[in-house]
Amino acid sequence: MMILDLDLLRFQPSLKVKRGEEGQKLIFDAVRRKWLVLQPEEMVRQLFYCYLTDELGYSKNRVAMERGLKVNTLQRRFDLLVYDKALSPFMLIECKAPQVKISQETFDQVSWYNTTLKVKYLVVTNGLHTYCCWLDYAQKSFVYLDQLPLQPD
């Protein structure tokens, strides 16, 4: 299993953070266009979004954040989903807080979400450790990658 070295903290200057009326820290979510309470997982989600769009050049119009997803009969929410040019799901990203260790349970969660989406790439990150898998549906296998894929044209 390969850990990707993304150094997400270098994108912190790109984030908009302020104090709310009740004193809590808020972060601006450019995708959903609203201020959210700054939780550790939200920080990772926003930093990863900046990495995708600022570093890799992914189209901001093809990234969805925190949307509902029906898996079997259960309603869930994914963290980030990248679409290809045809607007088919391309890459699913599960974000955890930095203090949450990436475990088999984390991979099981994102894999379960993918039973509905059928993406080519699964990513799991806690901001410190990031893993990316390419899924080979024909062979019913996966391969860990040493970098994230480029967004397809």
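Positions are given from 1 along the sequence. The analysis underlying the following values was restricted to heavy atoms, covering all of them including side chains, and did not include hydrogens, waters or symmetry mates.
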S.K.: Begin with the C-alpha distance, continue with both residues' side-chain angles, and end with the deciding distance and a verdict on side-chain contact (heavy atoms from CB on, under 4.5 Å) for R62 and K85.
M.R.: CA-CA 8 Å; R62 290 198 254 156; K85 192 173 185 179; 3.8 Å; yes
S.K.: Do F90 and V119 have side chains that get closer than 4.5 Å, going by heavy atoms?
M.R.: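 No - every pair of side-chain heavy atoms lies 4.5 Å or more apart.
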S.K.: OH/Y137 to NZ/K120 distance, rounded to the nearest 0.5 angstrom?
M.R.: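 Rounded to the nearest 0.5 Å, the OH-NZ separation comes to 10.0 Å.
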S.K.: Would a 4.5 Å heavy-atom cut-off, applied to side chains only, mark L47 and L15 as touching?
M.R.: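 Counting from C-beta outward, L47 and L15 do come under 4.5 Å.
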S.K.: To the nearest 0.5 Å, how far apart are SG in C132 and CD in Q147?
M.R.: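 With rounding to 0.5 Å, SG (C132) is 9.0 Å from CD (Q147).
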S.K.: Is the shortest heavy-atom distance from the side chain of I93 to the side chain of M91 under 4.5 Å?
M.R.: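 Side-chain contact under 4.5 Å: yes.
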S.K.: State the CG-OG1 distance between D5 and T130, to the nearest 0.5 angstrom.
M.R.: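 Between atom CG of D5 and atom OG1 of T130 there are 9.0 Å.
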S.K.: Under 6.0 Å between the ring centres of Y144 and F142?
M.R.: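 Y144 vs F142: aromatic centres under 6.0 Å.
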S.K.: Search all heavy atoms of I102 against all heavy atoms of F107 and return the closest pair with its distance.
M.R.: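 I102 and F107 have their closest heavy atoms at CG2-CE1, 3.7 Å.
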S.K.: Might you point out which heavy atoms bring R32 and E66 nearest each other, and give the distance in Å?
M.R.: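 The pair with the smallest heavy-atom distance is NH1-CB, 3.2 Å.
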S.K.: Less than 4.5 Å apart, any side-chain heavy atom of L135 and any of Y121?
M.R.: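 A side-chain contact under 4.5 Å is absent here.
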S.K.: Please answer whether the main-chain N or O of K140 pairs with a side-chain N or O of D136 as donor and acceptor at a distance below 3.5 Å.
M.R.: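 The answer is no, because no donor-acceptor pair under 3.5 Å joins these two groups.
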S.K.: May I ask whether F48 and L9 are part of the same hydrophobic cluster, defined by side-chain heavy atoms of I, L, V, M, F, W, Y residues being less than 4.5 angstrom apart, directly or through others?
M.R.: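 Yes: a chain of side-chain contacts under 4.5 Å links F48 to L9.
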S.K.: Can you tell me if T116 uses its side chain to pair, donor with acceptor, with the backbone of K70 under 3.5 Å?
M.R.: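 Checked: pair present.
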S.K.: Could you give the distance from OG (S111) to CG (L117), rounded to the nearest 0.5 Å?
M.R.: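 With rounding to 0.5 Å, OG (S111) is 11.5 Å from CG (L117).
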S.K.: Measuring only between side-chain heavy atoms, which start at C-beta, is D79 closer than 4.5 Å to Y49?
M.R.: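 D79 does not reach Y49 side chain to side chain.
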S.K.: Is any side-chain heavy atom of Y83 closer than 4.5 Å to one of V63?
M.R.: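 Result no, sub-4.5 Å side-chain heavy-atom pair not found.
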S.K.: Give a yes or no on whether the backbone of D7 and the side-chain of R10 come within a donor-acceptor separation of less than 3.5 Å.
M.R.: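 Flag set: sc R10 to bb D7 pair under 3.5 Å.
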S.K.: Which pair of heavy atoms, one from V44 and one from N126, lies closest together, and at what distance?
M.R.: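 Minimum heavy-atom contact is CG2-O, 3.6 Å.
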S.K.: How close do V31 and D29 get, counting heavy atoms only, and between which atoms?
M.R.: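 Here V31 and D29 meet closest at N-OD1, 2.8 Å.
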S.K.: Do you know which two heavy atoms are closest between G20 and L26, and how far apart they sit?
M.R.: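 What the structure gives for the nearest pair is CA-CD1, 3.6 Å.
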S.K.: Decide whether I3 and L52 are clustered together by the hydrophobic rule: side chain heavy atoms of Ile, Leu, Val, Met, Phe, Trp, Tyr closer than 4.5 Å, transitively.
M.R.: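 No; tracing contacts between hydrophobic side chains, which count when under 4.5 Å, never links both residues.
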S.K.: To the nearest 0.5 angstrom, please state how far the OG1 atom of T125 sits from the CG atom of L4.
M.R.: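 Nearest 0.5 Å value for the OG1-CG distance: 8.5 Å.
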S.K.: What I'd like to find out is whether the side chain of M65 reaches to under 4.5 Å of the side chain of Q46, using heavy atoms alone.
M.R.: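 The answer is yes, as the side chains (C-beta and beyond) meet within the 4.5 Å cut-off.
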S.K.: Do L122 and M2 share a hydrophobic cluster, counting only Ile, Leu, Val, Met, Phe, Trp and Tyr and linking them when any side-chain heavy atoms are less than 4.5 Å apart?
M.R.: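 No, L122 and M2 fall in different hydrophobic clusters.
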S.K.: Could you measure the distance from the CD1 atom of I27 to the CG atom of L36? Nearest 0.5 Å is fine.
M.R.: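 Spacing of CD1 (I27) from CG (L36) equals 8.0 Å.
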S.K.: Do other residues, nucleotides or ligands put more than 12 heavy atoms under 6.0 Å from the CD atom of E105?
M.R.: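 At most 12 heavy atoms, drawn from other residues, nucleotides or ligands, come within 6.0 Å of this atom.
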S.K.: Could you tell me if the side chain of R45 sits less than 4.5 Å from the side chain of L80, heavy atoms only?
M.R.: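 Yes; the side chains approach each other to less than 4.5 Å.
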S.K.: Counting only heavy atoms from other residues, nucleotides and ligands, does the tally under 6.0 Å from CZ of R77 exceed 12?
M.R.: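 Above 12, so yes.
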S.K.: Start with the C-alpha gap between L56 and Q151, add the side-chain angles, then the distance that decides, and say whether side-chain contact (heavy atoms from CB on, under 4.5 Å) holds.
M.R.: CA-CA 8 Å; L56 297 182; Q151 182 169 347; over 6 Å; no
S.K.: Verify the cluster assignment for L8 and Y58: are they in a single hydrophobic cluster under the rule of side-chain heavy atoms below 4.5 Å apart?
M.R.: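 Yes, L8 and Y58 fall within the same hydrophobic cluster.
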S.K.: Are M43 and V37 connected in a single hydrophobic cluster, I mean Ile/Leu/Val/Met/Phe/Trp/Tyr linked by side-chain heavy atoms less than 4.5 Å apart?
M.R.: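 Looking at the clustering, M43 is in a separate group from V37.
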S.K.: Might you point out which heavy atoms bring L128 and P98 nearest each other, and give the distance in Å?
M.R.: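 For L128 and P98, the tightest heavy-atom pair comes out as CD1-O, 3.8 Å.
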S.K.: Should we count NZ of K118 as having more than 12 external heavy atoms under 6.0 Å?
M.R.: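 Above 12, so yes.
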S.K.: Can you tell me if E22 has over 12 outside heavy atoms packed within less than 6.0 Å of its CD?
M.R.: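 No, CD of E22 has 12 or fewer neighbouring heavy atoms, counting only those of other groups under 6.0 Å.
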S.K.: Compute whether any side-chain donor of one residue and acceptor of the other, for K25 and Q39, lie under 3.5 angstrom apart.
M.R.: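 Their side chains do not contain a donor-acceptor pair, so the 3.5 Å distance test is not met.
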S.K.: So for atom CG, which belongs to D108, do other residues, nucleotides or ligands contribute more than 12 heavy atoms lying within a distance under 6.0 Å?
M.R.: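 Count over threshold, so yes.
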S.K.: Using the rule side chain to side chain contact (heavy atoms under 4.5 Å, CB included), only one of F78, Y113, Y131 pairs with E94; which is it?
M.R.: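 Among F78, Y113, Y131, the one meeting side chain to side chain contact (heavy atoms under 4.5 Å, CB included) with E94 is Y113.
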